[in-house]
Amino acid sequence: MSPLSQTTHHKTPHAYWGGIFAMTLCVFVLIASEFMPVSLLTPIAVDLGVTEGMAGQGIAISGALAVLTSLSLPQLAGSINRKMLLLGMTILMAVSGLVIALASSYLVYMAGRALIGIAIGGFWSLSAATAMRLVPPHQVSRALAIFNGGNALATVVAAPLGSYLGATIGWRGAFLCLVPVAVVAFIWQCFSLPKMENNQPSRGTVLRLFRQPVVSVGLFACGLFFMGQFALFTYVRPFLETVTHVSASGLSLILLTIGIAGFVGTLIIATFLNARFYQTLMAIPLLMAAIAGMLVLTGHSLWIVALLLGLWGLLATAAPTGWWSWIARTLPDDAEAGGGLMVAVIQLSIALGSTAGGMVFDHIGWQSTFAMSSILLLSAVVLTFWTSRKSAVVC
């Protein structure tokens, strides 16, 4: 495996932790913005005069724009100062909130959702490369774990917060509440991020990275992991309601447990990655595959299911930190292109996994969905091991 380049180390004489935490606040607002419609679909649909399914397409369009942005930004950004680029994405995030909150029609609402998709794709494309500029090499995993902590926290609070705000001040007010937080993140980044000039010439499309065997195999492993995760997790609620027969309060408590466990996972994952990097990347999907199998056997037992899903949340939410760290370690001098490709792979894998899981869930049954998830996760283990072997050869 290629170590972080000496030039990268010289660019980071000390850690800009203020910048890391400012970007983490951005992550929180981005993820909250992305998933806020989940708990607000009904009032959005009624107000805009569309079906709930059409309102739900706002989540799909943000994902699609995130993929397109992540694939094109590294090439289009050229020599733009990366601090200015991050600040631009933060402004776009605030503008998106305003556009959605003030939307007079469905098309305006979808335009606002497209803007947040661009911000999501742009921010995550730059995240690994920016972390490498803000902290010394041995602290990159920790910085990425902090970023992912903002992701985990937003995942925990976005739906319940959106539901509460929607009932209190309306769905428009809920989106409007995100705007001042985005403004705070913008101001914080202005003062905490250093100038980050980009003097490297464009090396062409991000797809060129697939020519490197370690990158293509590693991204395939990453894709299989996210497919396996979301093939199961997308259908946790109907599983809990129809198989485990949890009450409404029990459902909320289990989902909260998953979220809190995930947040804890992001706090501790860096320690394991620094000690045993590839072993940790392989252990996570291996344990999740085992959990999927155990859920099939114990799905009717409330307490066992709650414990297993808590462990699932701990592992699944921490895993992206490992894969972003892999990009930083594998492509130290091309982390922006690698980050763009990673965003595209993750978004497409989530879409494929949730779609395939839904088809199996509807036509064959939940046991088959969970079994498919387990097989995908085990496949990710095998390919991650293969990636580690290819990384050793590269060294």
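For this chain, numbers begin at 1 and follow the sequence in order.
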> To check you understand the geometry: which heavy-atom pair defines the closest contact between Ala103 and Val108, and what is its length?
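Looking at all heavy atoms of both residues, the closest pair is CA-CG1, 3.8 Å.
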> For the backbone of Phe385 and the side chain of Ser388, can you confirm whether one donor and one acceptor N or O come within less than 3.5 Å of each other?
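Pair found, side chain donor or acceptor close to backbone of Phe385.
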> Are the side chain of Ser62 and the backbone of Gly117 linked by a donor-acceptor contact shorter than 3.5 Å?
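Such a contact is absent between Ser62 side chain and Gly117 backbone.
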> Measuring only between side-chain heavy atoms, which start at C-beta, is Leu281 closer than 4.5 Å to Phe225?
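Answer no - side chains too far apart.
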> Are Leu86 and Val181 linked, directly or through other ILVMFWY residues, by side chains that come within less than 4.5 angstrom of each other?
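Linked within one cluster.
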> Give the intermediate values and the outcome of side-chain contact (heavy atoms from CB on, under 4.5 Å) for residues Met342 and Trp326.
CA-CA 10 Å; Met342 176 76 84; Trp326 174 77; 4.0 Å; yes
> Could you pull out all donor-acceptor pairs under 3.5 Å where a side-chain atom in residues 297-311 meets a protein atom, sequence neighbours excluded?
from, atom 1, to, atom 2, distance (Å)
Thr298, OG1, Met294, O, 2.7
His300, ND1, Val243, O, 3.2

> With side chains defined as the heavy atoms from C-beta onward, is the minimum distance between Trp323 and Ile346 less than 4.5 Å?
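No, side chains not in contact.
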> Indicate, with yes or no, if Val215 and Tyr278 share a hydrophobic cluster defined by side-chain heavy-atom contacts under 4.5 Å among Ile, Leu, Val, Met, Phe, Trp and Tyr.
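In one cluster: yes.
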> State, with a plain yes or no, whether a side-chain heavy atom of Leu341 is found less than 4.5 Å away from one of Leu71.
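Yes, at least one pair of side-chain atoms sits under 4.5 Å.
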> Atom OG in Ser70, atom CD1 in Ile118: separation rounded to 0.5 Å?
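Answer for the OG-CD1 pair, Ser70 versus Ile118, is 11.5 Å.
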> Nearest 0.5 Å please: distance from the CG atom of Leu153 over to the CZ atom of Phe263.
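It comes to 5.5 Å.
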> Please name all residues satisfying salt bridge (Lys or Arg N to Asp or Glu O under 4.0 Å) with Arg172, sequence neighbours left out, ordered by chain then number.
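Partners of Arg172 by the salt bridge (Lys or Arg N to Asp or Glu O under 4.0 Å) criterion, ordered by chain and then number, come out as Asp47.
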> Which heavy-atom pair separates Gly339 from Ile327 by the least distance, and what is that distance?
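Taking every non-hydrogen atom into account, N-CG2, 4.1 Å.
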> Would you give the length of the straight line joining atom CG of Leu115 to atom OG of Ser96, rounded to the nearest 0.5 angstrom?
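Atom-to-atom, Leu115:CG and Ser96:OG are 5.5 Å apart.
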> Linking I/L/V/M/F/W/Y whenever any side-chain heavy atoms sit under 4.5 Å apart, do Leu107 and Val50 land together?
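Shared cluster, no.
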> Could you go step by step and tell me if Tyr16 and Ile20 meet the side-chain contact (heavy atoms from CB on, under 4.5 Å) rule?
CA-CA 7 Å; Tyr16 294 91; Ile20 294 293; 5.8 Å; no
> Measure the acute angle between the ring planes of Phe21 and Trp17, then classify it against the limits of 30° and 60° as parallel, tilted or perpendicular.
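Phe21 and Trp17: tilted rings.
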> Hydrophobic cluster mates of Ile364, side-chain heavy atoms under 4.5 angstrom, ILVMFWY only, any path?
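Reading the cluster by chain and number, Ile364 sits alongside Val217, Phe220, Leu224, Met227, Leu352, Val360, Met372, Leu376, Leu383, Trp386.
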> Going by heavy atoms in the side chains, are Val29 and Met93 under 4.5 Å from each other?
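Val29 reaches Met93 side chain to side chain.
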> Could I get the full list of ring-ring contact (aromatic ring centres under 6.0 Å, His included) partners for Phe361, not counting sequence neighbours?
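Listed in chain order: Tyr235.
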> If you take all heavy atoms of Ser33 and Leu178, which pair is closest and at what distance?
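Looks like OG-CD1, 3.3 Å.
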> Met89 and Leu68: same hydrophobic cluster, using ILVMFWY side-chain contacts below 4.5 Å?
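Shared cluster, no.
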> Looking at SG of Cys26 and CD1 of Ile120, how far apart are the two atoms once the value is rounded to the nearest 0.5 Å?
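With rounding to 0.5 Å, SG (Cys26) is 12.0 Å from CD1 (Ile120).
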> Are Ile116 and Leu102 connected, step by step, through hydrophobic side chains (Ile, Leu, Val, Met, Phe, Trp, Tyr) whose heavy atoms are closer than 4.5 Å?
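They do not share one cluster, since no chain of ILVMFWY contacts under 4.5 Å joins Ile116 to Leu102.
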> Do side-chain atoms of Thr280 reach the backbone of Phe272 as a donor and acceptor pair under 3.5 angstrom?
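Yes; judged by distance alone, with no hydrogens or angles, the pair exists.
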> Under the ring-ring contact (aromatic ring centres under 6.0 Å, His included) test, which residues partner Phe123, sequence neighbours left out?
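Phe123 satisfies ring-ring contact (aromatic ring centres under 6.0 Å, His included) with no other residue.
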> Can you confirm whether Phe175 sits close enough to Leu165 that some side-chain heavy atom of one is under 4.5 Å from a side-chain heavy atom of the other?
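Of all side-chain heavy-atom pairs linking Leu165 with Phe175, none is under 4.5 Å.
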> Please list all pairs meeting side-chain hydrogen bond (donor to acceptor under 3.5 Å, both in side chains) that have one or both residues in residues 253-273, counting only residues at least two apart or in different chains.
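Pairs touching residues 253-273 that pass the test: none.
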> Identify the two heavy atoms, one from Ser125 and one from Val343, that lie closest to each other, and give their separation to 0.1 Å.
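Closest approach of Ser125 to Val343, heavy atoms only: N-CG2, 3.8 Å.
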> Given Phe370 and Phe239, is the side-chain contact (heavy atoms from CB on, under 4.5 Å) satisfied, shown in steps?
CA-CA 10 Å; Phe370 284 29; Phe239 161 74; 3.7 Å; yes
> In Å, rounded to the nearest 0.5 Å, how long is the span from CG of Leu144 to OG of Ser127?
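It is 6.5 Å, given to the nearest 0.5 Å.
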> Mind listing the closest non-hydrogen atom pair of Ala221 and Ala380 along with its distance?
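Closest approach of Ala221 to Ala380: O-CB, 3.6 Å.
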> Is there a side-chain contact between Ile269 and Ile284, using heavy atoms and a 4.5 Å cut-off?
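Yes, their side chains come closer than 4.5 Å.
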> Over all heavy atoms of both residues, which pair between Met23 and Leu193 is shortest? Give the atoms and the distance, please.
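Here Met23 and Leu193 meet closest at SD-CD2, 4.1 Å.
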> Would you say Met84 has more than 12 foreign heavy atoms packed within less than 6.0 Å of its CE?
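Check passes, neighbour count above 12.
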> Quick one: are Leu286 and Leu377 in side-chain contact, heavy atoms under 4.5 Å?
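Leu286 does not reach Leu377 side chain to side chain.
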> Please report the interatomic distance CG(Asn274) to OG(Ser325), rounded to the nearest 0.5 Å.
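Rounded to the nearest 0.5 Å, the CG-OG separation comes out at 8.0 Å.
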> Applying side-chain contact (heavy atoms from CB on, under 4.5 Å) to Ile169 and Cys177, what does each step give before you reach the verdict?
CA-CA 10 Å; Ile169 58 177; Cys177 285; 3.7 Å; yes
> Between Thr387 (side chain) and Val214 (backbone), is there a donor-acceptor pair under 3.5 Å?
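Pair absent, no side-chain N/O of Thr387 close to backbone of Val214.
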> When you compare the side chain of Gln229 with that of Trp312, does any pair of heavy atoms fall below 4.5 Å?
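Yes, side chains in contact.
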